[in-house]
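Positions are given from 1 along the sequence.
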Amino acid sequence: QVQLVESGGGLVQPGESLRLSCAASEGDIAVYPMDWYRQAPGKEREWVALILSGGNTLYTNSVKGRFAVSRDNAKNTVYLGMNNLTVEDTAVYYCKMHSMDVWGKGTLVTVSS
């Protein structure tokens with residue numbers, strides 16, 4: 001079964017940027033749509049972005065224009081670029097195979113001054 005591992009989280013100040021990675025192993029994710037989700041402290045997990053196998057993308061309204069999801073099929077990796085971060089973006093970020101219940105363990109993003 002495919003294993004997903006997120007990385008790239010950390011502590012940043014408001015207005016700064018981060019790029020998260022989701023590396024897949026034990027399987028090829030190139031043909032699969034992939035999602036990013038996040039869960040803020042005390043809140044339910046929410047969907048953030050989707051990238052189709054062909055590269056088309058969708059975003060939740062709160063991140064449109066600030067976040068960009070991309071993929072490098074040669075590296076079997078999906079990315080989430082995040083710009084102009086706000087404190088409301090603080091959360092654990094997860095990647096997920098869209099059509100399967102396969103999740104990574106998440107990476108924590110903390111936005112604080």
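The ring pair (Phe, Tyr, Trp, His ring centres under 6.0 Å) analysis of residues 87-108, with sequence neighbours excluded, yields the pairs Tyr37-Trp103. Sorted by first and then second residue, the pairs that involve residues 54-63 and meet side chain to side chain donor-acceptor pair (under 3.5 Å), not counting sequence neighbours, are Arg38-Ser62, Asn61-Lys64.
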Test side chain to side chain contact (heavy atoms under 4.5 Å, CB included) applied to Val69 and Tyr79, step by step: CA-CA 6 Å; Val69 57; Tyr79 303 97; over 6 Å; no
Intermediate values then yes/no, side chain to side chain contact (heavy atoms under 4.5 Å, CB included), Val102 and Gln1: CA-CA 9 Å; Val102 177; Gln1 177 165 317; 3.7 Å; yes
Residues Ser112, Leu11; criterion side chain to side chain contact (heavy atoms under 4.5 Å, CB included); working and verdict: CA-CA 7 Å; Ser112 176; Leu11 172 63; 4.1 Å; yes
N/O donor to acceptor pairs below 3.5 angstrom from side-chain atoms of residues 16-24, sequence neighbours left out:
residue : atom : partner : partner atom : Å
Glu16   : OE1  : Gln13   : N            : 2.9
Ser17   : OG   : Asn83   : OD1          : 2.9

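Between Asp28 and Asn76 there is a side-chain heavy-atom pair separated by less than 4.5 Å. Inter-residue side-chain proximity for Ile29 and Met34 is flagged as met; some heavy-atom pair is nearer than 4.5 Å. Between Val78 and Trp36 there is a side-chain heavy-atom pair separated by less than 4.5 Å.
At most 12 heavy atoms of other shown residues, nucleotides or ligands fall within 6.0 angstrom of atom OH in Tyr32.
In terms of modelled atom types and a separation under 3.5 Å, the side chain of Glu6 and the main chain of Gly106 share a donor-acceptor contact. Not one N or O on the side chain of Thr110 forms a donor-acceptor pair closer than 3.5 Å with the backbone of Thr90. Although no hydrogens or angles enter the test, the distance criterion places a donor-acceptor pair under 3.5 Å between the side chain of Asp72 and the main chain of Lys75.
Note: Asp35 CG to Cys95 SG = 9.5 Å, rounded to the nearest 0.5 Å.
Just one of Glu26, Met100, Met97 meets the side chain to side chain contact (heavy atoms under 4.5 Å, CB included) condition when paired with Val2; it is Met97. When each of Thr86, Asp89, Asn84 is checked for a side-chain hydrogen bond (donor to acceptor under 3.5 Å, both in side chains) with Arg66, only Asp89 meets the rule.
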